[in-house]
Amino acid sequence: MIYLDANATEPLRPQARAAALAAMETGGNPASVHQAGRAARKILEEARERVASFCAARPADVIFCAGATEANALALHALGHDRPILIGATEHDAIRAAAPHAEIIPVQPDGQVDLAALKSLLVAHPGALVCLMAANNETGVLHDIAAAATLCAEAGALLHVDAVQAIGRCNQDWLALGAASLALSGHKFGGPPGAGALVVRENLEIRALIKGGGQELGRRGGTPALPAIAGLAAALGAPYDAAQIAGWRDEIEQAALAAGAVAIGAGAPRLPNTICLALPGVRAETQLIGLDMAGICVSAGSACSSGKVTASHVLLAMGQGDLAGQAIRVSLPWNADVEMVRAFQAAYEPMARRALRKTVQSA
Ligand code: PLP
C-alpha cells in the first residue's frame with residue numbers, strides 16, 4: 001500500500017507513539033490529587049508547555065480538546081457568540097457546520113482569500129469574528145494570514161486561524177501576526193487521533209462549549225485524552241524536510257500535467273506536500289477506485305458519509321465548475337520516499353491516459 005493521504009491523517013511519528021504509550025502506562029487522571037493523578041498532571045502540563053512554546057503563547061492559553069473540529073467549534077462559540085461571523089469560502093466543514101449563517105468571504109481563482117472583499121465585509125459587519133484557514137486541506141493553498149490579520153486589526157475584528165494543515169509543514173507565528181486564536185489537531189502532524197487544541201491570545205476569555213468538571217480552567221469539561229495529548233506534543237516540531245517533499249510534489253505534478261491532468265491552485269503559495277489534480281471529464285470516484293486498485297491511497301475533494309464522492313465546495317468556490325467533481329488530492333506524508341513517488345506515477349499516468357481516452361471516445 002502506498003499512503004499518499006497525509007492531509008486526512010499523517011502517519012504516526014515514532015516519538016508520538018512512544019510518548020502516547022508512556023502516558024498510557026502512567027495512567028491516572030490529571031484531576032486526581034493523589035500521586036497517580038500528579039504523575040498524569042505532569043504529563044499534561046509538560047504537553048501544554050510544549051504546545052504553548054511552539055505557538056508563542058502562554059501555557060494557560062492552551063485549551064486541549066478532542067481535535068480541530070472541536071477546537072474550531074469552541075472558537076466560534078466563545079468568540080463569535082455576540083459578533084457577526086465571516087468565514088472563508090474554502091473553509092473546512094468543521095467551520096462551515098459550526099457557523100451555518102456566516103457571511104462568506106470569497107476566494108480568488110487561485111484559492112487565496114480575496115482581501116478586497118474581506119475589507120468590504122469588515123466595513124459592513126463591524127466587530128466581526130473572521131475565520132480563515134492557514135492552508136487548505138484540498139489544494140494546500142495558503143491564505144495571506146498576515147494581511148488578513150492587519151485588515152482585522154484595523155477594523156476591530158477578531159481573527160481565528162484554522163492552522164490544522166499548516167502546522168508542522170509551514171509554520172508561522174499566527175498569534176504574533178495578530179490572530180486571536182488558532183486551532184490545531186495532533187493527527188494532522190503525526191500525533192495520535194483524538195487530541196487537538198485551541199490556542200488563544202493572552203487574556204481572551206473563553207466560555208466553555210462542553211461544560212463539565214472544570215477541566216482546562218473551566219473552558220473544556222471532560223477528562224483529557226492524555227495519551228493522545230502526550231503524542232501530540234511529542235510530534236510538534238518533529239523534523240520535516242519541506243524542500244525534499246516539495247521537490248517530489250513538483251515531480252508528481254509535472255508528470256501528471258504531461259498525462260493530461262490540470263493542477264488546481266498550483267499558481268498560489270502552497271503547502272509543500274499537497275497536489276490537487278483534475279482529469280477533465282473523469283469523475284473523481286473513478287480515479288480513486290482506479291488508484292485504490294493499484295494500492296494507492298489518495299482522496300477526492302469531499303466525500304459524504306456514504307463514501308460517495310461529491311463536488312468539492314473548495315474547488316467550486318475557486319470557480320472550477322465541472323472540475324470540482326473530477327479532482328483528487330495527493331498529499332505526501334512526512335515519511336514520503338522516492339519509491340512512493342515512483343509508485344504513484346506508475347499507477348497514475350496509465351490510469352489518467354486510459355480514462356481521458358475513454359472520455360474522448362464517449363464524447
Ligand atoms: N480543519 C481542517 C483544515 C482540516 O483539514 C480538518 C480535518 O481534515 C479539520 C479542521 C478537522 O480536524 P479533526 O480531524 O481534528 O477534527
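Every number for a ligand or one of its atoms is a count from 1 in the order of the listing.
When the shell of 6.0 Å around CG of Asp322 is examined, it contains 12 or fewer heavy atoms from other residues, nucleotides or ligands. Within a 6.0 Å sphere centred on CZ of Arg83, other residues, nucleotides and ligands contribute more than 12 heavy atoms.
Remark: side-chain polar atoms of Lys188 are paired, donor with acceptor, to backbone N or O of Ala8 under 3.5 angstrom. With Asp173 contributing its side chain and Ala176 its backbone, the two residues share no donor-acceptor pair below 3.5 Å. Asn137 contributes no side-chain N or O that, together with a main-chain N or O of Asn7, makes up a donor-acceptor pair within less than 3.5 Å.
Residue-level proximity to ligand 1 for Val164 is carried by the side chain, the only part with a heavy atom below 4.0 angstrom. Counting heavy atoms under 4.0 Å from ligand 1, residue Glu70 does not touch it at all.
From the protein, the heavy atom lying nearest to atom 14 (O) of ligand 1 is His187 NE2, 2.9 Å. Looking from atom 5 (O) of ligand 1 to the surrounding protein, the closest heavy atom is Gln165 NE2, 2.8 Å. With hydrogens left out, the protein atom closest to atom 16 (O) of ligand 1 is Thr69 OG1, 2.5 Å, a heavy atom. Scanning all protein heavy atoms for the shortest distance to atom 8 (O) of ligand 1 gives Lys188 NZ, 2.6 Å.
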Self-check item: Chi angles and distances behind the salt bridge (Lys or Arg N to Asp or Glu O under 4.0 Å) call for Glu339, Arg342
Solution: CA-CA 5 Å; Glu339 280 76 37; Arg342 298 291 168 253; over 6 Å; no

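In this structure, Glu91 falls outside the shell of residues with a heavy atom less than 4.0 angstrom from ligand 1.
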